[in-house]
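To find a chain, count down the sequence lines: A is the first, B the second, and so on, and within it residues start at 1.
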Amino acid sequence: MKTPLFLYNSYSRTKEAFKPLDKKNVRMYVCGPTVYDRAHIGNARPVLVFDILFRLLRYLYKEHNVTYVRNITDIDDKINAKAIKRGVNIEKVTEATIELFHKDMDFLGALRPNHEPRATEYVSEMIDMISKLISLSFAYPTEDGHVFFEVATFSDYGRLSNKNLSELKEGVRIENENAKKNPLDFVLWKPSNLEEPGWESPWGRGRPGWHIECSAMAKDILGDQFDIHGGGIDLIFPHHENEIAQSTCSNNMKKFANFWLHNGFLKIEGEKMSKSLNNFLTVYDLIKRDFSGPAIRFNMLATHYRQPLDWKFERLVEAEKTLIKWNNKFEPKNQTVLPMQILNALLDDLNTPQSIYEMHQLFNNEKFDDLSNACRFFGFSSKDIKDGISIPPDISEKIDKLVEKRNNARLAKNFSLADEIREDLLRAGIIIKDSGQETTWESGQKLEIKKLKKL
RNA sequence: GGCGACGUGGCGGAGUGGUUACGCAGCGGACUGCAAAUCCGUGGACACCGGUUCGAAUCCGGUCGUCGCCUCCA
């Protein structure tokens, strides 16, 4: 490859040329959702950011040479709380939430990862890993059924998040203070009471701490070492730091992930997204408000993935308009070949805003072939995602007749009838365009075939 | 307190040493029965103060401001 892919590696805090460990087996792991509630747009950001990276890797290294793993955390105290509150077992909560997660992410046009392992399927692997860490003296069990990782045994602890142990001690929380050798030691296993879900282990009935699942699943599916580990920037500490510690120490001190990628946070209308401020937006909220999947993608990718992103509805409306403009020039027949300018933008640390700029250029220069290919790659084509949204021929004829009727009305200066037809079509998602003597029509983003049939 | 990010025109948003990024909105015009869409044209920017340089929005130092992490979190 002539131009390498450059990615910002949080571990080195620099942009580095990406070189896979094995070109025939490029491996990426991304931290997925904890399934206790419907996905919010903050959850959607890493999904969409790493979806683009996944697509790019497949483009560069061929589809069958790339493996993308995104876990599902289905063991968690928030899940337990919800299950208890509803009087059901945790599977009821998690299964329903996973189904909705898939539905929402499919709507956004995100490709499914190759693997979506669940914590509940990996408890024995986690127990194995914890046992190994104990036998190697990186971890210690306590009398009350906890197992802790001893951070002082891992000299690189804090390297990813650029923290040092003595500073960290200052603000650490005091939970389990007595049982821990060091307040920073984190839990690998904890005992469950009878209400809580639990698994038998050498340390009694209990459940894993949440960091260990990623280490166990990544090892099982991707091996001790792999290329890219991603997630939201808030996961750097402690989650990813702890993953590095667990995995490195249980895998003969082999380096864990080569590249660490983190997407920035999301605000809504200038405020931090939080339930207490009541500005907590789910993907489903956007769907209900009739925004299209491509427009949500566009809005998410219009800001570079490492920058903070302020979610504003007016931007979403703008994205919708831009995509209608582009999609009306969509040429469906081409292969997905990325125009050079856009590929180059992506190769520079996934510069998606630059890519969008290039797409505007393609539009302005009437390079609709290239624009269509780019839209297909980015998932910006509504026609591509919702297969068969194109207008059936009988409907198309009907529209032609209505347009003709309207033009006759206009010639007869019956403008109220003409305007009525125009309004009816617009409500069904058809935009009428008069230019000179000619009248053409295009489909808008929200085409409603049912309404069209009734006209 | 520690670590880090950021501050670009009305809004959004790249760029990071030497030509207008660009999009949306605005303004002017064309077209139209009126609109919409489209097309043409157009103004407007790099938080502040110093320094380096022939030249800085871009590098260095400082000031101010915003935000994040350090606790579950994408």
Side-chain angles (χ1 to χ4, degrees), chain A residues 10 13 30-34 36-37 39-50 70 73 76-78 81 158 161-164 166-175 184 186 209-210 230-241 262-267 270-275 298-299 301-312 314-322 324-326 328 345 348 351-361 363-364 409-416 418-419 422-423 425-426 430-442 444:
Chain A
S10 301
R13 285 178 277 280
V30 174
C31 289
T34 302
Y36 65 100
D37 218 347
H40 57 257
I41 55 174
N43 293 311
R45 192 172 190 193
V47 170
L48 293 177
V49 164
F50 290 103
R70 187 181 62 212
T73 299
D76 179 88
D77 286 350
K78 288 188 287 290
S161 52
N162 195 27
K163 298 178 186 305
N164 67 61
S166 54
E167 281 165 2
L168 278 170
K169 278 179 191 171
E170 312 268 332
V172 85
R173 63 172 172 165
I174 49 173
E175 189 188 329
L184 290 171
F186 59 91
W210 83 288
I233 194 164
D234 54 316
L235 294 180
I236 286 185
F237 189 89
H239 184 56
H240 289 161
E241 198 67 72
H262 293 100
N263 62 272
F265 241 63
L266 205 137
K267 294 193 294 182
E271 276 189 321
K272 188 188 171 178
M273 184 169 73
S274 85
K275 281 182 174 167
F298 184 102
N299 195 206
L301 297 170
T303 298
H304 186 88
Y305 76 92
R306 285 195 284 122
Q307 295 296 114
L309 166 53
D310 195 359
W311 193 269
K312 288 187 174 171
E314 60 180 49
R315 292 184 57 184
L316 207 46
V317 172
E318 190 182 319
E320 205 81 77
K321 277 170 71 178
T322 302
I324 288 170
K325 191 170 93 172
W326 290 355
N328 277 311
D348 182 15
N351 196 334
T352 51
Q354 182 74 31
S355 306
I356 289 172
Y357 157 76
E358 298 293 354
M359 284 186 232
H360 281 295
Q361 296 309 297
F363 181 89
N364 292 338
R410 288 170 71 206
L411 286 172
K413 301 213 190 290
N414 186 355
F415 297 124
S416 60
D419 289 352
R422 184 171 66 196
E423 287 300 310
L425 284 169
L426 187 63
I430 297 294
I431 300 161
I432 293 289
K433 296 185 174 182
D434 298 323
S435 55
Q437 295 304 305
E438 219 185 350
T439 300
T440 56
W441 55 269
E442 290 176 347

Check every atom of [options] against the side chain of [X] and return the nucleotide holding the closest atom.
X: R410(A); options: rG13(B), rC22(B), rU32(B); result: rU32(B)
X: E314(A); options: rC69(B), rC22(B), rC11(B); result: rC11(B)
X: T303(A); options: rA74(B), rC22(B), rG13(B); result: rG13(B)
X: E318(A); options: rG23(B), rC73(B), rC11(B); result: rG23(B)

Using a cut-off of less than 4.0 Å, is there contact between a side-chain N or O of [X] and OP1 or OP2 of [N]?
X: W441(A); N: rA37(B); result: no
X: N162(A); N: rG4(B); result: yes
X: T322(A); N: rG23(B); result: no
X: K163(A); N: rG2(B); result: no
X: S161(A); N: rG4(B); result: no
X: N43(A); N: rC73(B); result: no

Is the aromatic ring centre of F415(A) closer than 5.5 Å to the centre of the six-membered base ring of rG33(B), with the two planes inclined by less than 30°?
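Base of rG33(B): stacked against F415(A).
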Between [atom2] of [N] and [atom1] of [X], the distance in whole Å:
X: Q307(A); N: rG68(B); atom1: CD; atom2: P; result: 15 Å
X: F363(A); N: rC24(B); atom1: CZ; atom2: P; result: 9 Å
X: D419(A); N: rA35(B); atom1: CG; atom2: C1'; result: 8 Å
X: D77(A); N: rC73(B); atom1: CG; atom2: P; result: 11 Å
X: H360(A); N: rA25(B); atom1: NE2; atom2: C1'; result: 14 Å
X: F265(A); N: rU66(B); atom1: CZ; atom2: P; result: 20 Å
X: N351(A); N: rA14(B); atom1: CG; atom2: P; result: 7 Å
X: K325(A); N: rC22(B); atom1: NZ; atom2: C1'; result: 11 Å

Does R45(A) or R306(A) map to a spot on RNA chain B nearer the 5' end, using the closest nucleotide for each?
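The residue mapped nearer the 5' terminus is R306(A).
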Nearest-nucleotide wise, let me know which of N364(A) and L309(A) is further upstream toward the 5' end of RNA chain B.
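Of the two residues, L309(A) wins.
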Does any part of the side chain of [Y], heavy atoms only, come nearer than 4.5 Å to the side chain of [X], both counted from C-beta?
X: E320(A); Y: V317(A); result: no
X: T439(A); Y: R410(A); result: yes
X: T73(A); Y: K78(A); result: no

Any donor-acceptor pair under 3.5 Å from Q354(A) side chain to A345(A) backbone
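No, the answer is negative, given that no donor and acceptor are paired below the 3.5 Å cut-off.
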Flag, side chain of S355(A) to backbone of N351(A), donor-acceptor distance under 3.5 Å
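Yes: the side chain of S355(A) pairs with the backbone of N351(A).
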Remember a base hit wins even if backbone is also touched, and classify [X] as base, sugar-phosphate or nothing at under 4.0 Å, heavy atoms.
X: E358(A); value: nothing
X: H304(A); value: sugar-phosphate
X: T440(A); value: nothing
X: I41(A); value: nothing
X: K267(A); value: nothing
X: L266(A); value: base
X: G231(A); value: sugar-phosphate
X: K312(A); value: sugar-phosphate
X: R315(A); value: sugar-phosphate

Does a distance-only test, which skips hydrogens and angles, find a donor-acceptor pair under 3.5 Å between the side chain of D434(A) and the base of rA36(B)?
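Answer is no: no donor-acceptor pair is held.
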Should the side chain of R422(A) and the base of rA36(B) be counted as holding a donor-acceptor pair, with the cut-off at 3.5 Å?
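Between rA36(B) and R422(A), which were checked side chain against base, a qualifying N/O pair under 3.5 Å is absent.
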How does RNA chain B look in dot-bracket form if you count Watson-Crick and G-U pairs under 3.5 Å, write [ ] for pairs that cross, and put | where a base pairs with another strand?
(((((((..(((.....[...))).(((((.......)))))....(((((..]....))))))))))))....
Between [N] and [M], how many Å separate the two [atom1] atoms, rounded to a whole number?
N: rC6(B); M: rG15(B); atom1: C1'; value: 16 Å
N: rU8(B); M: rG41(B); atom1: P; value: 29 Å
N: rC3(B); M: rU19(B); atom1: C1'; value: 40 Å
N: rC27(B); M: rG10(B); atom1: P; value: 15 Å
N: rU20(B); M: rA25(B); atom1: P; value: 24 Å
N: rG68(B); M: rG26(B); atom1: P; value: 33 Å
N: rG43(B); M: rG9(B); atom1: C1'; value: 10 Å
N: rG23(B); M: rG61(B); atom1: P; value: 36 Å

Would you compute the distance between atom [atom1] of [X] and atom [atom2] of [Y] and round it to the nearest 0.5 angstrom?
X: H239(A); Y: E241(A); atom1: NE2; atom2: CD; answer: 12.0 Å
X: N299(A); Y: K312(A); atom1: CG; atom2: NZ; answer: 11.0 Å
X: R45(A); Y: L301(A); atom1: CZ; atom2: CG; answer: 9.0 Å

Identified side-chain hydrogen bond (donor to acceptor under 3.5 Å, both in side chains) partner of S10(A) from the options H262(A), R306(A), H240(A)
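The option that passes is H262(A).
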Please test I41(A) against W311(A) for side chain to side chain contact (heavy atoms under 4.5 Å, CB included), starting from the C-alpha separation and ending with a verdict.
CA-CA 9 Å; I41(A) 55 174; W311(A) 193 269; 3.5 Å; yes
Give the intermediate values and the outcome of side chain to side chain contact (heavy atoms under 4.5 Å, CB included) for residues T352(A) and Y305(A).
CA-CA 8 Å; T352(A) 51; Y305(A) 76 92; over 6 Å; no
